[in-house]
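In listed order, ligands and their atoms are each counted from 1. Note that the structure is predicted; figures quoted are calculated from it, not measured.
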Amino acid sequence: MNMENKKQVMLSGIQPTGIFTLGNYIGAIKNWEKVQQEYKCLYFIANLHSLTVKNDPKIIKQLTLDSVALLLACGIDIKKSIVFIQSHVPRHAELSWVLACHTQFGELSRMTQFKDKSSKNADNINAGLFCYPVLMAADILLYQANYVPIGADQKQHLEITRDIANRFNKLYGDIFEIPNPYIQKKGARIMSLQDPTSKMSKSDNNPNCYISILDTKDVIIKKFKRAVTDSDTNIIYSDDKPGISNLMTIYSVISGKSIKETEQEFAGKGYGYFKTAIGELVACHLKPIQDKYEKLLEDKKYLQEVCLNGAEQASKIASKTLNKVYKSLGILTKNF
Ligand code: TYM
């Protein structure tokens with residue numbers, strides 16, 4: 001048997017609702033890059049999910065291909081991983097309907113992200129927003145994923161995916177692999193630079209809240225300098241110092257040093273000194289990614305090829321699962 005077949009499956013997605021932030025990078029993409037050798041990986045741009053809130057269609061269209069380039073620039077390698085756009089594999093929407101018929105209204109009502117997003121978009125609490133986790137479950141279960149590398153904010157969506165899969169398997173036999181969350185201990189929840197009690201988000205209206213991975217060095221340093229920190233000046237990691245602790249987490253993940261080593265490095269140095277150091281470090285880390293991204297954007301044809309090849313490979317796996325699902329439910333496929 002080919003060794004490739006024995007690899008466990010790792011799958012994750014990202015919405016094209018903005019240029020990725022340092023939160024996306026640290027909480028998810030950096031880890032996607034690391035596991036490519038060991039696992040069979042699939043990574044996709046979740047453009048159908050982005051319909052759940054109002055977005056400018058022109059911007060979503062642009063950001064979808066830009067996001068593919070960003071993933072490649074961050075080290076996702078198409079020789080090792082399958083990269084595709086969600087809407088290019090219609091099986092996602094098909095399985096989503098099947099799973100919606102096996103998901104209870106009550107369990108979707110309890111999703112904290114639904115509550116959050118519906119309070120922020122009170123004029124557009126649409127059924128898609130409510131069913132968001134079902135489409136996400138379809139994304140994951142179609143590929144029989146063993147692990148899903150995500151930030152902490154997506155953990156509840158993974159839990160409901162497991163509930164739906166277990167329920168389905170109990171009713172119809174062994175159809176779905178039960179996926180496990182793959183969440184890093186450090187950096188799973190990078191916080192806003194302006195409000196360290198809420199998560200850094202690419203859709204925040206205030207750009208000072210996040211570092212975009214395409215921000216220039218000057219902008220990065222300025223944003224860190226403006227970051228809200230706590231009332232004293234000690235560079236110490238502590239639950240009651242969420243501002244400086246957030247920055248220390250970023251510094252620690254990017255530098256590869258532990259929190260203890262970070263504390264020692266900056267003992268007695270003060271916030272100003274530390275903020276310049278973290279700005280320099282992050283800018284220097286992002287520079288090769290930015291250069292690679294600019295190069296990739298010059299060749300749109302190549303990017304389109306990457307997407308089409310990825311969709312073709314993904315479709316084969318997805319169709320196999322969906323056929324199994326339809327068969328188990330008595331839904332006739334054309335080859336009956
Ligand atoms: P999205 O686009 O909001 O974020 C992509 C990934 O980045 C992580 N993340 C963070 N991690 C740490 N700190 C932060 N501040 C931060 N902000 C975002 C997210 O946890 C995520 O892993 N619903 C998903 C997209 C999706 C998906 C899927 C993911 C659709 N289908 C199937 C996994 C499997 C989302 O909106 O991610």
Side-chain angles (χ1 to χ4, degrees), residues 9-33 35 41-53 55 60 63-64 67 70-71 74 76 84-87 89 92-93 95-96 99 111-114 116-117 128-129 131-162 164-165 179-204 209-213 242 246-247 249-250 253-254 314 318:
V9 178
M10 184 75 83
L11 168 136
S12 204
I14 186 160
Q15 291 194 70
T17 43
I19 295 295
F20 307 160
T21 68
L22 197 58
N24 296 128
Y25 180 71
I26 290 177
I29 303 166
K30 197 167 180 289
N31 307 310
W32 300 2
E33 192 260 325
V35 297
C41 298
L42 297 110
Y43 300 122
F44 66 95
I45 308 303
N47 56 346
L48 294 175
H49 274 103
S50 60
L51 296 176
T52 54
V53 295
N55 279 301
I60 289 296
L63 281 172
T64 301
S67 300
L70 274 177
L71 283 190
C74 288
I76 304 304
F84 64 101
I85 295 170
Q86 188 185 33
S87 61
V89 185
H92 290 242
L95 182 61
S96 181
L99 298 182
M111 294 290 109
T112 51
Q113 202 166 83
F114 171 68
D116 267 13
K117 285 198 178 169
L129 190 63
C131 290
Y132 182 111
V134 181
L135 178 57
M136 195 162 149
D139 298 336
I140 297 167
L141 300 179
L142 262 184
Y143 300 95
Q144 309 287 359
N146 303 98
Y147 293 99
V148 185
I150 41 176
D153 62 319
Q154 297 298 319
K155 190 163 176 251
Q156 200 184 29
H157 289 160
L158 214 277
E159 280 159 8
I160 194 176
T161 300
R162 288 167 61 87
I164 297 169
N180 297 293
Y182 186 92
I183 300 174
Q184 296 300 304
K185 282 207 185 82
K186 199 165 54 182
R189 194 172 171 81
I190 299 296
M191 309 310 272
S192 158
L193 298 185
Q194 291 300 313
D195 172 11
T197 60
S198 67
K199 133 190 129 153
M200 183 183 284
S201 164
K202 54 176 133 53
S203 44
D204 208 307
C209 291
Y210 57 79
I211 303 286
S212 148
I213 64 173
N246 185 41
L247 299 189
T249 301
I250 295 172
V253 174
I254 300 292

Evaluate the side-chain proximity of L71 to W32: yes if any heavy-atom separation is below 4.5 Å, no if none is. yes
With the criterion set at N/O pairs under 3.5 Å, what does the list of contacts between the protein and ligand 1 look like, atom names and distances included?
from, atom 1, to, atom 2, distance (Å)
ligand 1, 2 (O), Q15, N, 2.9
ligand 1, 2 (O), K202, NZ, 2.7
ligand 1, 4 (O), N24, ND2, 3.3
ligand 1, 7 (O), N24, ND2, 3.1
ligand 1, 11 (N), G23, O, 3.3
ligand 1, 13 (N), I190, N, 2.8
ligand 1, 15 (N), I190, O, 2.7
ligand 1, 15 (N), M200, O, 2.9
ligand 1, 20 (O), G151, N, 2.8
ligand 1, 20 (O), D153, OD1, 2.5
ligand 1, 22 (O), G151, N, 3.2
ligand 1, 23 (N), Y132, OH, 2.6
ligand 1, 23 (N), Q154, OE1, 3.1
ligand 1, 31 (N), D139, OD2, 2.6
ligand 1, 36 (O), Q15, NE2, 2.9
ligand 1, 36 (O), Y132, OH, 2.8

Short side-chain donor-acceptor distance under 3.5 Å, R189 and N246: no
Please verify the inter-ring angle class for Y132 with H157; under 30° counts as parallel, over 60° as perpendicular, anything in between as tilted. tilted
Which atom pair, heavy atoms only, marks the closest approach of P133 to M111? CG-CG, 3.8 Å
Quick one: does L141's side chain get under 4.5 Å of P179's, heavy atoms only? yes
Give the ring-plane orientation class for Y143 versus H92, where under 30° counts as parallel, over 60° as perpendicular and anything between as tilted. tilted
